[in-house]
Participant: 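This is the structure, below, for whatever I ask next.
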Amino acid sequence: MTKLKPKYYQNPDVIFLAQDLLGKILFTQKNGEITAGIITETEAYFGEEDKASHAYGGKRTLRTEAMFQTGGFSYIYLCYGIHHLFNIVVSHKNDPKSVLVRAVEPFEGLSVIESRRRRSACDKTISSGPGSVCKALGIDMTFNKKPLTGEEIWIEDSGLQYSQDDITSTPRIGVAYAREHAALPLRFYLKNNRYISKK
DNA sequence: TTCTGGATCGACT
DNA sequence: GTCGATCCAGAAA
């Protein structure tokens with residue numbers, strides 16, 4: 001397995017990347033403990049034109065600043081005052097596209113993940129849903145704006161390849177306010193995996 | 001300074 | 001299926 005390179009993330013085709021990232025492995029290292037999960041579900045946010053994106057209209061604030069960085073950095077924010085959500089920033093500088101990781105399948109450090117989530121790794125709710133992914137992998141705001149090629153958080157290519165037949169696409173979750181962009185099929189998940197937020 | 005609402009989860013019915 | 005938790009960023013003023 002090899003760590004994905006900066007070049008991989010600089011691709012401006014966020015819809016391709018949201019699908020290509022399925023099957024890749026997201027690692028974190030915290031307090032010397034390494035945990036990882038196979039990415040099973042993602043959503044694409046296509047930038048300034050996307051009414052569902054925090055960067056819609058080129059809105060640039062302290063929070064959204066992370067998305068305007070060069071592809072290959074993390075964008076993490078707090079949702080509903082409770083949950084952290086993890087995004088992979090892609091494309092080039094000042095093009096705020098990102099991929100939201102919505103679910104992973106536990107891969108490494110299972111006992112650490114189980115104690116963080118207080119349930120068995122066999123329970124599919126352990127890391128299905130964007131808030132759960134962050135909790136399972138120990139991701140909080142200290143991971144915001146980090147390079148995904150470093151030693152705290154990174155993604156490896158497992159070599160797994162999927163065809164369009166293996167991937168289901170649906171509208172994104174929780175973005176009804178995005179009006180005409182709410183129905184776009186920009187959510188992707190592995191058809192045959194049980195670690196999915198909802199079918 | 002104050003107000004509003006959200007890229008959700010889990011407990012409970 | 002329904003609903004409360006919980007708090008910060010962004011907008012209004």
Side-chain angles (χ1 to χ4, degrees), chain A residues 9 14-15 17-19 21-22 26 37 39-69 71 73-91 95-106 113-146 148 153 155 167-190 194-199:
Chain A
Y9 301 103
V14 65
I15 294 173
L17 284 174
Q19 294 173 85
L21 281 160
L22 296 173
L26 174 61
I39 298 171
T40 56
E41 179 179 342
T42 60
E43 279 179 5
Y45 287 84
F46 58 92
E48 303 191 358
E49 309 295 313
D50 184 355
K51 292 192 175 181
S53 173
H54 294 157
Y56 174 59
K59 188 163 67 181
R60 195 160 180 157
T61 65
L62 205 55
R63 177 171 72 154
T64 64
E65 191 59 30
M67 275 199 285
F68 288 84
Q69 297 176 112
F73 282 77
S74 59
Y75 167 45
I76 296 161
Y77 72 96
L78 193 63
C79 185
Y80 295 102
I82 306 173
H83 308 289
H84 294 285
L85 272 68
F86 168 66
N87 293 260
I88 299 162
V89 176
V90 305
S91 191
D95 186 25
K97 296 190 170 96
S98 67
V99 176
L100 170 67
V101 176
R102 290 190 53 86
V104 302
E105 176 181 337
I113 292 173
E114 287 179 330
S115 67
R116 281 178 185 147
R117 294 284 294 141
R118 302 174 181 282
R119 68 195 74 191
S120 161
C122 300
D123 181 342
K124 69 181 177 63
T125 67
I126 194 167
S127 54
S128 306
S132 304
V133 168
C134 288
K135 200 162 182 199
L137 298 181
I139 296 171
D140 56 31
M141 288 310 290
T142 65
F143 286 83
N144 192 28
K145 290 188 170 183
K146 297 286 185 191
L148 298 174
I153 182 164
I155 300 176
I167 298 170
T168 300
S169 60
T170 76
R172 294 173 291 185
I173 307 293
V175 297
Y177 60 86
R179 305 178 67 83
E180 72 269 25
H181 291 161
L184 295 174
L186 297 178
R187 170 175 175 246
F188 305 99
Y189 63 82
L190 294 176
R194 40 196 299 274
Y195 295 91
I196 298 300
S197 62
K198 57 179 172 178
K199 300 284 180 184

Participant: Can you measure from CZ (A/Phe68) to OH (A/Tyr75) and round to the nearest 0.5 angstrom?
Facilitator: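 The distance works out to 9.5 Å.
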Participant: Does A/Arg63 have a side-chain nitrogen or oxygen under 4.0 Å from the phosphate oxygens OP1 or OP2 of C/dC8?
Facilitator: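 Indeed not, no polar side-chain atom of A/Arg63 lies that close.
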Participant: Tell me whether the OP1 or OP2 atom of B/dG6 has a side-chain N or O from A/Tyr77 closer than 4.0 Å.
Facilitator: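 No, A/Tyr77 has no side-chain N/O under 4.0 Å of OP1/OP2 on B/dG6.
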Participant: Mind calculating the distance between CG (A/Leu184) and P (B/dA7) to the nearest angstrom?
Facilitator: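 From A/Leu184 CG to B/dA7 P: 16 Å.
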Participant: Over all strands shown, is A/Ile173 touching base, sugar-phosphate only, or nothing at heavy-atom distances under 4.0 angstrom?
Facilitator: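 Touches sugar-phosphate only.
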Participant: Just the rounded figure in Å: distance from P of C/dA9 to CD of A/Glu65.
Facilitator: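 Computing the A/Glu65:CD to C/dA9:P distance gives 14 Å.
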Participant: Under 4.0 Å, counting only non-hydrogen atoms across every strand here, what does A/Arg60 touch: a base, just sugar-phosphate, or nothing?
Facilitator: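 Result for A/Arg60 = nothing.
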Participant: Using only side-chain N and O atoms of A/Arg187, determine if any of them is under 4.0 Å from OP1 or OP2 of B/dA7.
Facilitator: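 For A/Arg187, the contact criterion (side-chain N or O under 4.0 Å from OP1 or OP2 of B/dA7) is not met.
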Participant: Measure from OH on A/Tyr177 to P on B/dG6 and round the result to the nearest Å.
Facilitator: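 The distance from OH of A/Tyr177 to P of B/dG6 comes to 8 Å, rounded to the nearest Å.
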Participant: Would A/Val99 and A/Asn87 satisfy side chain to side chain contact (heavy atoms under 4.5 Å, CB included), going step by step from the backbone distance to the final call?
Facilitator: CA-CA 5 Å; A/Val99 176; A/Asn87 293 260; over 6 Å; no
Participant: Of all the nucleotides listed (B/dT8, C/dG10, C/dC7), which has the minimum atom distance to the side chain of A/Leu78?
Facilitator: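 Of the options given, the side chain of A/Leu78 lies nearest C/dC7.
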Participant: Could you let me know what B/dG10 is paired to, Watson-Crick or G-U wobble, both distances under 3.5 Å, or none if it's on its own?
Facilitator: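 Base partner found: C/dC3.
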Participant: Please report the distance, rounded to the nearest Å, between CG in A/Leu85 and P in C/dA9.
Facilitator: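 So the CG-P distance, A/Leu85 to C/dA9, works out to 15 Å.
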Participant: Return the value, rounded to whole Å, for the distance between atom NZ of A/Lys198 and atom C1' of B/dA7.
Facilitator: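 Rounded to the whole Å, the gap is 12 Å.
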Participant: Answer yes or no: are there more than 12 heavy-atom neighbours, outside A/Glu65 itself, under 6.0 Å from its atom CD?
Facilitator: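 It does: A/Glu65 CD has more than 12 such atoms within range.
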Participant: Using purine N1 to pyrimidine N3 plus N6-O4 or O6-N4 for Watson-Crick, or N1-O2 and O6-N3 for G-U wobble, each under 3.5 Å, what pairs with C/dA9?
Facilitator: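 Answer to the pairing question: B/dT4, which forms a Watson-Crick or G-U pair with C/dA9.
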Participant: Go through the steps to decide whether A/Glu41 and A/Ser197 satisfy the test side-chain hydrogen bond (donor to acceptor under 3.5 Å, both in side chains), and finish with yes or no.
Facilitator: CA-CA 8 Å; A/Glu41 179 179 342; A/Ser197 62; 2.7 Å; yes
Participant: Starting at the 5' end of DNA chain B and moving along, which residue's nearest nucleotide shows up first, A/Thr125 or A/Val175?
Facilitator: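 Nearer the 5' end of the strand: A/Val175.
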Participant: Scan A/Ser132 against the nucleic acid and name what it touches under 4.0 Å (heavy atoms): base, sugar-phosphate only, or nothing.
Facilitator: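 Touches sugar-phosphate only.
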Participant: Using a heavy-atom cut-off of under 4.0 Å over every strand shown, decide if A/Arg117 touches base, sugar-phosphate, or nothing.
Facilitator: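 Since only primed, P, OP1 and OP2 atoms lie under 4.0 Å of A/Arg117, the category is sugar-phosphate.
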Participant: Can you tell me how far P of B/dG6 sits from CD1 of A/Ile82, to the nearest Å?
Facilitator: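 Taking atom P of B/dG6 as the reference, CD1 of A/Ile82 is at 14 Å.
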Participant: When the distance from NE2 of A/His83 to P of B/dG5 is rounded to whole Å, what number comes out?
Facilitator: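 Atom-to-atom, A/His83 to B/dG5, this comes out as 19 Å.
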Participant: Heavy atoms only, 4.0 Å cut-off, all strands: where does A/Arg172 land among base, sugar-phosphate and nothing?
Facilitator: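 Contact class for A/Arg172: none.
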Participant: Is there a side-chain contact between A/Arg118 and the phosphate of B/dG10, meaning an N or O under 4.0 Å from OP1 or OP2?
Facilitator: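 It does not, given that no N or O in the side chain of A/Arg118 lies less than 4.0 Å from OP1 or OP2 of B/dG10.
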Participant: Hey, is the main chain of A/Arg117 close enough, under 3.5 Å, to the side chain of A/Arg119 for a donor-acceptor pair?
Facilitator: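 Yes, A/Arg119 side chain to A/Arg117 backbone: donor-acceptor pair under 3.5 Å.
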Participant: Are any side-chain N or O atoms of A/Arg102 and backbone N or O atoms of A/Ile173, one a donor and one an acceptor, separated by less than 3.5 Å?
Facilitator: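 Checking the backbone N and O of A/Ile173 against the side chain of A/Arg102, no donor-acceptor pair under 3.5 Å is found.
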Participant: Using a heavy-atom cut-off of 4.0 Å across all strands, would you classify A/Lys59 as base, sugar-phosphate, or nothing?
Facilitator: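 Here A/Lys59 touches the backbone only, sparing every base.
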Participant: Tell me: CG of A/Leu62 to P of C/dA9, nearest whole Å?
Facilitator: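 So the two atoms are 8 Å apart, to the nearest Å.
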Participant: C/dA9 base to A/His54 side chain: any donor-acceptor pair below 3.5 Å?
Facilitator: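 Under the 3.5 Å cut-off, the side chain and the base do not form any donor-acceptor pair.
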